[in-house]
Amino acid sequence: MAETAASGEVAVVGVTKQFGGTTAVKDLSLTIPHGSYCCLLGPSGCGKTTILRMIAGHETPTVGDIRIGASSVLGLPQVQRGTAMMFQSYALFPHRSVLDNVAFALKMRGAGLAQRHAKARELLAKVQLEPFANRLPAQLSGGQQQRVALARALITNPRVLLLDEPLSALDEYLRLRMRGELRRVQKELGITFIHVTHTQLEAIAVADMVVVMAQGRIEQAASARDIFVAPRNAYVARFVGGQNVLWGTVESTMNGTAAVASPSGVRFAFPVGDARPSRGTPLWGSIRRDRVTVEKLLVGAKPPGGLNTVVGEVHTIENQGSYVKVTFDLADKLAEREEFVAHVADDAFFADPLDIGDRVVGRWSASDVKLLEDGALPQAAAAVPAAVATAR
């Protein structure tokens, strides 16, 4: 299949979308580079599907512009935008063969039978379904139907493929396989994919660029790795997962590290670089769950003190295969409803297993703490990773 030479860069420029008195998207600007795989990630109602529908032309912005390549697409019909949509429901024609389902869009554009079937077979080969061309959709598995829907969306040579929760109807095994399939096809075709999901691991697995949203605005747009290892604020750290959120006020600062006390008295070491926050300055940070070491406390043992040390009881244990998720009930709560979690490597956990109700201590190094923007330090200072103190 010949690829289009036109740019698939998508720019959402100062867009606000209102439905009656409800604002779904507010003054949002975002540029998605040509040829990238972008995931819009957030909870239900955050505005991610509204953005997708505005790019597709199913909705019109109340304010702002949407550009594909160098041109505004506002007012253009959907077939002239260079986009295609892959919906959550496959919406395959049950009475048409797989081949005719894929070729249908070309039939509607007046292509001859031989031409549209040739292109449909080419797409079916790309998604490894050519042997199933003459079957009906009911004769396929859910994952195979999903690949038919993907081939059908691609047959018009779109510059941008829009995917609305494309994997939500699949079971876990098929979802994992289709994640890899979507990524493979996107790399092979080199076109822009914009994928809406509320599943954090799905976004991290497939995307070059992840856009985390809340209440119609962008909280962070960055590479998948940066979103996971360096969340911008507490919302992103909590929503994406894999991080514990820490906060408190500064007690002292020395050698690029601030000693911070939480309201409950738990004390942390935060890296602050060249900044010298004054006593009482509020700071927020995050620590990856897999950077927390866990030790069992003997019965009657005195809880240890020190920076970056928490003490509590094991509340839940979940075996995740390569690691075990251990959730603490802390003796001193960091905040209401805030859980503290450690991901313990499986070999380390099963060498000395914990049980629910065991008293444990969690520790981590100050160099592994990431400063968040929720606190009072300027963003530039927060980005400096220097730290010399540890919790040991």
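Note that these values count all heavy atoms, side chains included, but never hydrogens, waters or copies made by symmetry. Positions are given from 1, in the same order as the sequence printed here.
Under the 4.5 Å side-chain heavy-atom criterion for Ile, Leu, Val, Met, Phe, Trp and Tyr, L189 and L162 are members of distinct hydrophobic clusters. Hydrophobic cluster membership differs between V160 and F193, with clusters built from Ile, Leu, Val, Met, Phe, Trp and Tyr side chains linked at under 4.5 angstrom. Both V292 and L371 are assigned to one and the same hydrophobic cluster, defined by single-linkage of ILVMFWY side chains at heavy-atom distances under 4.5 Å. Follow the hydrophobic side-chain contacts under 4.5 Å out from I51 and you never reach L163; the two are in separate clusters. L140 and L123 fall within a single hydrophobic cluster, where Ile, Leu, Val, Met, Phe, Trp and Tyr are joined by side-chain heavy atoms under 4.5 Å apart, directly or via other members.
The closest side-chain heavy-atom distance from V326 to F349 is below 4.5 Å. Under the 4.5 Å side-chain criterion, counting only non-hydrogen atoms from C-beta, L246 is in contact with W364. Between V229 and R288 the shortest side-chain heavy-atom distance falls below 4.5 Å. Two residues are said to be in side-chain contact when any heavy atoms from C-beta on lie closer than 4.5 Å; V185 and L154 meet this criterion. The closest side-chain heavy-atom distance from R109 to T156 is below 4.5 Å. With a 4.5 Å cut-off on side-chain heavy atoms, T83 and V10 do not count as touching. Taking 4.5 Å as the limit, some side-chain heavy atom of E165 sits within range of a side-chain heavy atom of T197.
Between H95 and F93, the ring planes lie perpendicular to each other; the angle is over 60°, past the 30° to 60° tilted range. The aromatic rings of W284 and W247 lie parallel to each other, with less than 30° between the two planes, well short of the 60° mark.
At a threshold of 4.0 Å, the pair E181-R177 does not count as salt-bridged, since none of the basic side-chain nitrogens sits closer than that to a carboxylate oxygen. The pair D355-K296 does not meet the salt-bridge criterion, since no charged nitrogen lies less than 4.0 angstrom from a carboxylate oxygen.
Side-chain atoms of R175 come within 3.5 Å of backbone atoms of L170 as a donor-acceptor pair (strictly under, hydrogens ignored). Q145 places a side-chain N or O within 3.5 Å of a backbone atom of P137 that can act as its donor or acceptor partner. Using a distance-only test at 3.5 Å, with no hydrogens or angles considered, no donor-acceptor pair links the side chain of E295 to the main chain of V360. A donor-acceptor pair under 3.5 Å links the side-chain atoms of R81 to the main chain of L76, judged by distance alone. A distance-only check finds a donor-acceptor pair linking the side chain of T62 to the backbone of Q18 [under 3.5 Å].
Within the model, atoms SG of C46 and NE2 of H198 stand 11.0 Å from one another, a figure rounded to the nearest 0.5 Å.
The environment of CZ in F19 is crowded: more than 12 heavy-atom neighbours from other residues, nucleotides or ligands sit within 6.0 Å.
For the side chain to side chain contact (heavy atoms under 4.5 Å, CB included) test, residues two or more places apart in sequence or in another chain that qualify with E251 are A259, A261, R267, R279. For D164, the side-chain hydrogen bond (donor to acceptor under 3.5 Å, both in side chains) test picks out no residue, with sequence neighbours left out.
Side-chain contact annotation: Q144 with R147, donor-acceptor N/O pair under 3.5 Å absent. Under 3.5 Å, the side chains of D208 and S36 contain no donor-acceptor pair of N or O atoms. Under 3.5 Å, the side chains of E202 and H195 contain a donor-acceptor pair of N or O atoms.
The shortest non-hydrogen separation linking P43 to K48 is O-NZ, 3.1 Å. Considering all non-hydrogen atoms of both residues, V272 and A258 come closest at CG1-CB, 3.9 Å. Considering every non-hydrogen atom in both N244 and R289, the closest pair reads ND2-CG, 3.8 Å. The shortest non-hydrogen separation linking L136 to S97 is CD2-N, 4.0 Å. Among all heavy-atom pairs drawn from L28 and I218, the shortest one is CD1-CG1, 3.7 Å. Taking every heavy atom of both residues into account, F228 and G242 meet most closely at CE1-CA, 4.1 Å.
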